[in-house]
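Chain A is the first sequence line, chain B the second, and so forth, proteins listed ahead of strands; every chain is numbered from 1.
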Amino acid sequence: MKYNPQEIEKKWQDFWERNNFWRAQDFSDKPKQYILVEFPYPSGEGLHVGHVRGYTAMDIIARKRRMEGYNVLFPIGWDAFGLPAENYAIKKGIHPSKTVEKNIENYRRQIKSLGLSFDWSREINTTNPKYYKWTQWIFVQLFKKGLAYQAEIPINWCPSCKIGLAHEEVVGGKCERCGTPVVQKKKKQWMLRITKYADRLIDDLKSLDFLDEIKTQQIEWIGRSYGTEIDFRVKDSDKIIKVFTTRPDTLFGVTAVVIAPEHPLVDELIKPPYLKEAKDYIERSKHKTEFERTKLEKEKTGVFTGSYCINPVNNEEVAVWIGDYVIATYGGGAVMVVPAHDKRDYQFAKKYGLEIKEVIKGGDISREAFVEYGRLINSGEFSGMTSQEAIEKITQWLEKKGLGKKTVHYKLRDWIFSRQHYWGEPIPIVHCSKCGPVPVPEEELPVQLPYVEKYQPTTTGESPLATIEEWVNVRCPKCGGPARRETDTMPNWAGSNWYFMRYCDPQNDDRLADFDKLKYWLPVDWYDGGPEHITLHLLYSRFIYKFLYDIGVTPTSEPYHKRTLHGIVLAQDGRKMSKSLGNVVNPDDVIGKYGADTLRVYEMFMGPFDQAIAWNPESVNGVFKFLRKVWNLVIECKNNQENNLEVLKKVHQLNKKISEDIEQAKFNTAIAAFMEFVNFAQANKEKIGKKVLERMLLLLAPFAPHISEELWKVTGHQRSIFEEKWPEYNPELVKEETILLVIQVNGKVRDKIEVSADISQEEAKKLALKQEKVQNWIGNKEIKKVIFVPKKLINIVV
RNA sequence: GCCCUCGUGGCGGAAUUGGUAUACGCGCAACGCUUAGGACGUUGUUCCUGUAAAGGAUUGGAGGUUCGAAUCCUCCCGAGGGCACCA
């Protein structure tokens with residue numbers, strides 16, 4: 001009998017599916033576990049080996065949990081709205097729903113061929129009207145609570161995709177999807193007030209079991225900073241420029257104020273003879289994207305307005321400048337310039353000849369800005385205070401005089417939720433000339449996406465839906481008068497914000513999901529996904545979830561208890577896999593050659609789970625050899641009744657290691673331990689008994705389910721291995737009685753001796769000093785100190 | 001520019017979190033075996049000196065803390081990722 005994965009894998013996959021092995025039960029006496037992977041976007045390229053890595057890891061967790069006696073929910077679905085299907089439709093004239101259907105079929109086949117234990121009865125699809133009915137319903141609730149609103153603001157506009165991009169979607173000044181440089185354009189957009197949840201999105205992270213770097217990412221993105229808003233009155237005017245700073249302790253060092261070109265007071269402030277120069281400058285900045293403006297480190301520019309304002313703390317006159325490095329939407333669009341204590345301000349002052357006034361002691365301001373905290377000088381009554389003190393005291397002073405106040409600022413901005421595209425959920429709003437924007441009544445949801453002939457966005461920037469008159473023209477739900485449908489659609493994230501909730505009750509037509517079912521399953525116990533989603537998707541879905549919690553739809557305030565990430569699988573050349581580079585590894589090929597178990601085990605073995613690792617075809621072969629060794633070992637020793645203590649100990653030690661490594665997502669070292677055990681077993685075949693083999697197979701089952709199931713049967717079992725209990729190790733058998741004690745002299749290893757594990761320091765010292773090698777190193781030098789680390793080493797210092 | 005992660009043999013990586021550096025796999029080499037296969041088995045494989053015993057060096061580099069550092073601290077170099085005049 002040879003190990004032939006092709007013969008056994010399909011058989012067991014069918015067996016598990018036929019017998020509904022992975023069906024999750026709503027409400028059970030067993031404790032629940034909700035194990036979640038990010039649902040894939042079914043692209044035309046098919047499943048990526050990177051998907052396999054995350055899915056296999058969570059499949060291992062899910063299978064182990066079931067064996068541990070949990071009622072496990074491990075679902076899968078499709079995040080199927082999005083641009084690629086639409087762009088394909090534009091190119092080939094095939095309706096996106098057709099393309100998506102075909103891609104899903106392929107993905108489903110590929111995922112099934114991996115032997116993943118998904119509960120397919122709960123499969124969802126964001127493009128199904130029965131699903132997006134509830135995506136639209138959520139939008140209506142947001143609208144009713146004033147969290148969805150329209151605003152005419154400069155948005156990031158991709159001239160190629162003809163689509164407005166959220167601030168967060170702009171990568172390097174370019175469209176995240178197509179790479180075209182983004183330009184600024186004003187358009188009426190639907191916005192979601194995520195900023196209202198900024199504090200909770202930061203503060204609630206405390207109670208969650210997310211990797212630290214994920215928490216940091218979220219916190220950094222929201223970018224909360226406490227500071228002071230200071231009023232600078234414009235000279236000879238009653239107008240006030242409000243400036244935000246985190247360093248009010250440097251207020252006496254202000255030698256200019258810089259405002260954004262879009263600042264509301266700009267027109268009033270620019271005066272002859274600087275009028276023309278300033279206007280030209282403003283005009284030029286309009287042609288730059290926000291990215292360009294903030295990018296140009298060397299070319300930090302500005303222009304004097306001709307106006308002055310008054311520093312409230314000392315009544316000094318301060319010049320007002322315009323600089324396009326100041327962004328209108330952050331911090332009120334005005335900054336105070338303190339050249340002595342801010343790097344950027346220092347450069348700015350050097351370039352334009354502004355005064356550099358030292359107010360914090362500790363640096364050499366003739367050479368560079370001193371940006372650290374220190375003691376104040378040249379600061380009137382505040383001189384002598386530390387920066388920390390002065391920040392408090394100066395702010396209090398300003399507040400008392402009504403010239404400033406403590407404020408909080410966030411980097412996070414409200415979320416632009418409109419897309420001018422076809423392949424997305426229609427925004428369920430009707431515009432009435434009398435009533436304004438009116439939500440579509442809930443009983444009329446979903447607003448179905450109509451069939452169109454032309455998918456191309458219109459050149460005016462409107463969605464293709466705008467051209468379907470019979471769809472657009474409707475009666476106002478409120479007054480019955482003539483009205484027009486909103487033609488924008490929702491972004492990709494709309495459907496993926498809440499999909500994990502739908503898995504709890506995927507067929508419900510009356511509610512997003514039954515509350516009791518949500519209460520049973522949520523929060524998700526372990527959520528794994530790619531590093532590319534740890535900021536946006538995580539933040540957005542937490543926001544929506546919190547909102548739904550506030551209106552009583554969800555039972556908890558956070559959706560995910562534990563979140564991990566899996567590193568990207570790179571091509572063999574260390575670069576990202578891409579069609580154009582021709583370095584893509586197709587999981588189908590690997591399965592065809594080696595089988596799913598080899599692919600699974602290889603992806604777990606290739607390196608640390610959270611790090612990016614390059615594909616190595618030769619290592620894949622090594623993993624196959626390992627599985628074949630397991631196979632041959634079981635076939636050869638299955639009737640052996642031997643019960644050797646040494647071997648028993650080894651397999652219990654393996655048991656401990658595997659159990660612990662899985663929980664810490666250290667799959668690579670778990671496999672290594674397996675290999676060691678199998679190598680040992682192979683060299684000691686006569687000592688290997690059936691009991692040992694069975695325990696080994698139970699431990700291997702989550703990693704390589706097919707071969708384990710087959711060998712379980714081969715060893716004479718009728719029941720599936722996945723109906724067995726996860727093995728517990730015997731602590732007595734895991735203990736080591738003897739250890740190799742390392743003997744160091746002056747911190748260098750000089751000898752090793754085998755001693756009993758609980759040897760005392762005195763005994764260890766006596767034994768160590770007897771060793772010939774040790775004596776040679778000590779000679780007749782005096783022993784100053786002996787350090788003894790139980791079970792590890794003894795260090796003799798001479 | 002700022003922030004995060006990281007840097008260990010020919011390669012992917014391991015190291016109980018301050019206690020034997022290089023586990024496991026790949027590759028390579030020698031020997032053996034065979035139904036010549038995706039072969040298999042045994043042994044060896046960080047570097048330097050040495051036939052060997054043994055000794056010395058070594059975790060990107062330079063310092064430091066410590067009886068003891070891949071691990072902690074400071075500076076520097078390099079790679080990847082994120083953010084970006086964020087005040």
Using heavy atoms to find the nearest nucleotide of RNA chain B for A:Ile671 and A:Arg247 separately, return the residue whose nucleotide is more 5′.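 The answer here is A:Ile671.
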Both A:Ala683 and A:Gly595 contact RNA chain B. Which one's nearest nucleotide lies toward the 5' end?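 Final value for this comparison: A:Gly595.
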Rounded distance (Å) that lies between atom [atom2] of [N] and atom [atom1] of [X]:
X: A:Asn795; N: B:C67; atom1: CG; atom2: P; value: 10 Å
X: A:Leu740; N: B:A23; atom1: CG; atom2: P; value: 16 Å
X: A:Asp610; N: B:G81; atom1: CG; atom2: C1'; value: 13 Å
X: A:Gln218; N: B:C4; atom1: CD; atom2: P; value: 17 Å
X: A:Lys748; N: B:U66; atom1: NZ; atom2: P; value: 18 Å
X: A:Trp777; N: B:A54; atom1: CH2; atom2: P; value: 12 Å
X: A:Ile568; N: B:U5; atom1: CD1; atom2: P; value: 17 Å
X: A:Ile787; N: B:U20; atom1: CD1; atom2: P; value: 14 Å

Take atom [atom1] in [N] and the same atom in [M], then report the distance between them in whole Å.
N: B:G25; M: B:C75; atom1: P; value: 41 Å
N: B:U20; M: B:A15; atom1: P; value: 13 Å
N: B:G61; M: B:C11; atom1: P; value: 15 Å
N: B:U8; M: B:U59; atom1: P; value: 12 Å
N: B:C47; M: B:G10; atom1: P; value: 7 Å
N: B:G1; M: B:G12; atom1: C1'; value: 34 Å
N: B:U17; M: B:A53; atom1: P; value: 34 Å
N: B:C26; M: B:A39; atom1: P; value: 12 Å

Assess whether atom NZ of A:Lys357 is packed by more than 12 heavy atoms of other residues, nucleotides or ligands within 6.0 Å.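 It does: A:Lys357 NZ has more than 12 such atoms within range.
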Can you confirm whether A:Lys406 is buried at NZ, in the sense that more than 12 heavy atoms of other residues, nucleotides or ligands lie under 6.0 Å from that atom?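 Atom NZ in A:Lys406 is not packed in, count stays at 12 or less.
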Is there a donor-acceptor contact under 3.5 Å linking the side chains of A:Asp199 and A:Tyr410?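 Side-chain D/A pair, A:Asp199 to A:Tyr410: present.
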Please check if any side-chain donor atom of A:His566 sits under 3.5 Å from a side-chain acceptor atom of A:Asp610, or the reverse.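 The answer is no; no qualifying pair exists.
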Pairs under 3.5 angstrom, nitrogen or oxygen only, protein versus nucleotides 39-41 of chain B, please.
from  : atom 1 : to       : atom 2 : distance (Å)
B:A39 : O3'    : A:Arg628 : NH2    : 3.4
B:C40 : OP1    : A:Arg628 : NH2    : 2.7
B:G41 : OP1    : A:Gln682 : NE2    : 3.4

May I ask you to decide if [Y]'s main-chain N or O and [X]'s side chain share a donor-acceptor pair within less than 3.5 Å?
X: A:Tyr602; Y: A:Asp597; value: no
X: A:Gln744; Y: A:Leu793; value: no
X: A:Lys215; Y: A:Leu208; value: yes

Answer syn or anti for B:G9, where the cut-off is 90° from 0 on the glycosidic torsion.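 Syn conformation for B:G9.
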How would you label the glycosidic angle of B:U65: syn (within 90° of 0) or anti?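 Classified anti.
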Among residues at least two apart in sequence or on other chains, which ones pass side-chain hydrogen bond (donor to acceptor under 3.5 Å, both in side chains) with A:Glu676?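 Once residues adjacent in sequence are excluded, A:Glu676 has no partner under the side-chain hydrogen bond (donor to acceptor under 3.5 Å, both in side chains) criterion.
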Solution key, residues 245-260 of chain A side-chain donor-acceptor pairs under 3.5 Å, sequence neighbours excluded:
from     : atom 1 : to       : atom 2 : distance (Å)
A:Thr245 : OG1    : A:Arg247 : N      : 2.8
A:Arg247 : NE     : A:Asp249 : OD1    : 3.0
A:Arg247 : NE     : A:Asp249 : OD2    : 3.3
A:Arg247 : NH1    : A:Val371 : O      : 3.0
A:Arg247 : NH2    : A:Asp249 : OD2    : 3.0
A:Asp249 : OD2    : A:Ser387 : OG     : 3.0
A:Thr250 : OG1    : A:Arg247 : O      : 2.8
A:Thr255 : OG1    : A:Glu355 : O      : 2.9

Could you write out RNA chain B as dot-bracket? Rules: Watson-Crick or G-U wobble, both distances under 3.5 Å, brackets [ ] for crossings, | for pairs with another strand, dot for unpaired. (((((((..(((......[....)))((((((.......))))))((((....))))..(((((..]....))))))))))))....
A:Lys2 bridged to A:Glu7 by N-O distance under 4.0 Å: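 A salt bridge is absent here (no side-chain N lies under 4.0 Å from a carboxylate O).
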Using a 4.0 Å cut-off on protein heavy atoms (strictly under), produce a 5'-to-3' string for nucleotides 8-18 of chain B with B for base contact, S for backbone-only sugar-phosphate contact, and - for none. ----BSSSB--
Give every residue pair that meets the salt bridge (charged side-chain N to carboxylate O under 4.0 Å, His left out) criterion with at least one member in residues 618-636 of chain A, sequence neighbours excluded.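 For residues 618-636 of chain A: A:Glu636-A:Lys685.
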What's A:Phe674 touching, base or sugar-phosphate or nothing? Going by heavy atoms closer than 4.0 Å.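 If one applies the 4.0 Å heavy-atom cut-off, A:Phe674 turns out to touch nothing in the nucleic acid.
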How is A:Val789 classified with respect to the nucleic acid when contacts are heavy atoms under 4.0 Å: base, sugar-phosphate, or nothing?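 It contacts base atoms.
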Under 4.0 Å between a side-chain N or O of A:Arg750 and OP1 or OP2 of B:G56?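 For B:G56, OP1 or OP2 has a side-chain N or O of A:Arg750 closer than 4.0 Å.
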Does the side chain of A:Lys752 get closer than 4.0 angstrom to OP1 or OP2 of B:U20 through an N or O atom?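 No.
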Return the orientation label for the A:Phe680 and A:Phe677 ring planes: parallel under 30°, perpendicular over 60°, tilted otherwise.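 Answer is tilted, since the angle falls between 30° and 60°.
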Chi angles and distances behind the ring-ring contact (aromatic ring centres under 6.0 Å, His included) call for A:Tyr352, A:Phe304: CA-CA 9 Å; A:Tyr352 294 107; A:Phe304 181 46; over 10 Å; no
